[in-house]
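Worksheet for the structure shown next.
These figures come from a predicted structure and were not determined experimentally.
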Amino acid sequence: MTTTLTKPADAAPEEPRRVRRPKSARAGGQMHAGPIAYVILALFSMVSLFPLVWTAIAASRDNQRLAESPPPFWFGSNLFDNLDIAWNDANLGEAFVNTTFVAGVSAATIVFLSTIAGFAFAKLRFRGRNAMMLIVIGTMMVPPQLSVIPLYMMVARLDWTDQLQAVIFPSLVSAFGVFFMRQYLLQALPDEIIEAARVDGASSWRVVWHVVFPAARPAMAVLGMLMFVQTWNDFLWPFLVLTQSGNPTVQVAVAGLGRGYTPDQSLIMAGALLGTLPLLLVFAIFGKQIVGGIMQGAVKG
Amino acid sequence: MATRHDTAAPPAKEGGAAPGRPPADAVPADKDHRRRARLSRRWQRDVRWSPYAFVSPFFLLFVAFGLFPLIYTAWASLHTVELTAPTDMEWAGMRNYTRIFDDDFFWNAAKNTLTIGIISTVPQLLMAMGLAHILNYKLRASTFYRVVMLAPYATSIAAASLVFVLLFGRDYGMINWALHFFGIDAIDWQNDKWPSQIAVSSIIVWRWTGYNALIYLAAMQAIPQDLYESAALDGASRWQQFIHVTLPSLRPTILFTCVVSTIGASQVFGEPLLFDANKGASGGAEHQFQTLGLYLYEQGWVNQHLGRASAIAWTMFLILIVVGIVNYVISRRLRASS
C-alpha cells in the first residue's frame, strides 16, 4: 500500500536503474500519507457526518423512542410520516419557495456586482483604488449585529416586516465577494487580453461583457454557490424581521419547530433534515468545485 | 465603418488592428480626423470613469446597509427607543451605557462570550491546522475528505443546533450514553455552566473546523516546494520542517483566520438561542451560556429597549476594535522579531 512508499529503502532494490533521490527532495514531492493519517481522516469524516446521519435516524423514529436509552442507531419506520407532518406544520413548502427566491436573487446580484468591482480593483488603474480596497476589506470586520437595529427601524418604517425584500436588500453587498473576484481575476485574466480588446476599440462595458465575464465564469459559479449557501443558512436577520406565520425562510421555519410548547423531537429532526437536505445535495454534486473555490479565495495574491 | 470593416476583413475577430484594413482615404481626411478626436475623447472618459462605475454599486449599497446603520446605531444608543415605537427617540445621553455596565447580566454575557469564544476557536483552529497538514500529503480520495469536511458548513445553525440539543440530552442523549461506558456519570449539558458552554462551543467547532482546514490547506499548497527541499537537505526532520517552514509561511493566513474567528465568536447568537431548553433568550435558566449577541437580542426584542440594545452593539464593536488593534500589534511584533 502507500505505506511502503514512505520508506525509500523498500523500493530501491526493485527498481535499481532509476536513481532515487530522497523522498522529501523530489520535485513537487508531496509525501504520501501513512496509515495514521487515514485513521485520523476516517475518524474526522465520521464526526463530520454523524450528526447529519443521526438527524435522519431520529427523524425516522417517534418521539417516544427518542426518549429511551440507548438512543436509536438505526432507521425506524416513521420517516415519511414525520417528514410529511413537519412539512405541513412548519409551512416548509412556502419557506422553500421564499428561501430559494431570496438566496437566488442575493447570490445573482452579489456575483454580478462583485465581478465588476473585483475586475476594477484587479485590473484597472484609478485614483483612490488602494484606499477603496482597504475600505472593502475593512467592511468585512463590521459585525452584522451593529446594523441590525437601524435596519429593523428602516424596515418597520417602510412596512416591510414579514416581507421578503426586508431580507433581500441588506444581503446584496458582500465585501468577501469583491475580494474573492479580485483575487481570481488578478491571476486568471491576463492584462494582454484586456489590452487587445482595448486596441480593438472595445468600451469598458464591452470588455466586461466579452472578456471579463467569460474569464471569470468558474469563479462566478463558485461565488454564486457560496453566497447561495450563506444566504440560505442566514439566521439572525431573517429571524428578526420574518415571523413564522408571515413569510418564513427555511431557517426561521425550522427554528420555529423547536419552539412549540410540547416539542416532538422526531418532528423537529424531520424539519431539520428537510431544511438541510437541498444544500447537502448541492454539496454532493458540486462539492469539488466549492472546495476549490474556497481554497482559491483563501490564498492572498 | 462597421459594414466596410466586415466585408473587407472576413474573420471579424482578427479584424481590429489588422493590416488588411481598407485605406482610410475612402473618407475625407478631416472628417476622419474629427471622428477620431471625438472617439478618443469618449475613450478617455470611458477609461477614466468606468472603474468608478464598476465599484460604485458596492459602495452605494454599503453606505445604505452598512455605514448608515453603523452610525445610526451609535446615535440610537444615546437615546431611549422602544421596539413598539422605533421612530420615537428621546435623548438619553450615556444613560444606556451606564445602565448596561451596571447590569450583572452584561458582564456575565461578556465573560461567557469570551470563554465560549476561546473554547470554540482555539481547538477549532488547532484541529484545522492538523487536518490541513494531513490533507497536504498525497492521499487517496482526497477530494472526498474535503467535501465531507465541508458538509457541516452546509448545515444551517438552526438544524445543527437542534440535533446537538438531542445528542447532548441529559437522560437519553447519545453523548451521555457513550460516556457511561467510560464510567462517567450523566452530565447535565444544558444546566451546568461549563458543560453547557462546551456543548454550545462544540456546535461551532463542528461547523467550522473543516472550512478553516481548507483555508490552511490552500495556504500550505502555495508554499514553494524548494523551501522544503532545502530544509530536508539541511537535515530537518518532518516536525522541524513543519515548525520552521510551514508555520512561518502560514503566518498571514493564521492571522486572517484568527481575526475572522474572533469576529465570529463575538457574535455567537443562533447556537445558544436554540440550545436553550426553555426556549428563551436568556441562555439557560441561570444565563449560564448567554452570549453578548443573545443579551443584545434579549434587551432589544424581548425587553423591547432598542436604545439599550444599540449601546450593547456599539460596546461589542469597540471591543472588537480593541481586539483588532491588539492583533495588529502582536503581528507587527512577530514580524519584527523574525
Quick check for you: among A:Thr55, A:Leu113, A:Leu236, which has the greatest number of heavy-atom pairs under 4.5 Å with chain B? A:Leu236
Option that, when pairs with chain A are counted at under 4.5 Å, heavy atom only, ranks first among B:Thr143, B:Ile263, B:Leu150, B:Leu217: B:Leu150
We want to know whether B:Asp46 and A:Ser204 form a side-chain donor-acceptor pair, criterion being a heavy-atom distance below 3.5 angstrom. yes
Side chain, backbone, both or neither: which part of B:Leu131 has a heavy atom under 4.5 Å from chain A? side chain
What class does the angle between the rings of B:Tyr297 and A:Phe239 fall in, given that below 30° is parallel, 30 to 60° is tilted and above 60° is perpendicular? tilted
Highest number of heavy-atom pairs under 4.5 Å with chain B among A:Ile40, A:Leu240, A:Ile135, A:Val229 belongs to A:Leu240
Name the option with the most non-hydrogen atom pairs under 4.5 Å to chain B; the candidates are A:Ala197, A:Ala272, A:Pro170. A:Pro170
Considering only heavy atoms from C-beta outward, does the side chain of B:Leu306 approach that of A:Met153 to under 4.5 Å? yes
If you count heavy-atom pairs within less than 4.5 Å of chain B, which of A:Val207, A:Leu52, A:Leu280 leads? A:Leu52
Parallel, tilted or perpendicular for A:Trp205 and B:Phe54, by the 30°/60° rule? perpendicular
Of A:Pro51, A:Gly275, A:Ser114, the largest count of non-hydrogen pairs under 4.5 angstrom with chain B goes to A:Pro51
When heavy-atom pairs shorter than 4.5 Å are enumerated against chain A, which of B:Trp49, B:Phe62, B:Tyr72, B:Trp206 gives the highest number? B:Trp206
Is it true that B:Trp301 and A:Tyr152 have ring centroids separated by less than 6.0 Å? yes
B:Leu273 side chain near A:Phe235 side chain, heavy-atom distance below 4.5 Å: yes
Interface residue of largest heavy-atom contact number with chain A, from B:Ala313, B:Ser156, B:Ala151, B:Ala159, under 4.5 Å: B:Ser156
Residues at least two apart in sequence or cross-chain that pass salt bridge (Lys or Arg N to Asp or Glu O under 4.0 Å) with B:Arg170, listed by chain then number, are B:Asp188
Nearest 0.5 Å please: distance from the CH2 atom of A:Trp54 over to the CZ atom of B:Phe164. 11.5 Å
Only pairs of heavy atoms separated by less than 4.5 Å count here; which of A:Ala175, A:Gly177, A:Ala156, A:Ala284 has the most with chain B? A:Ala175
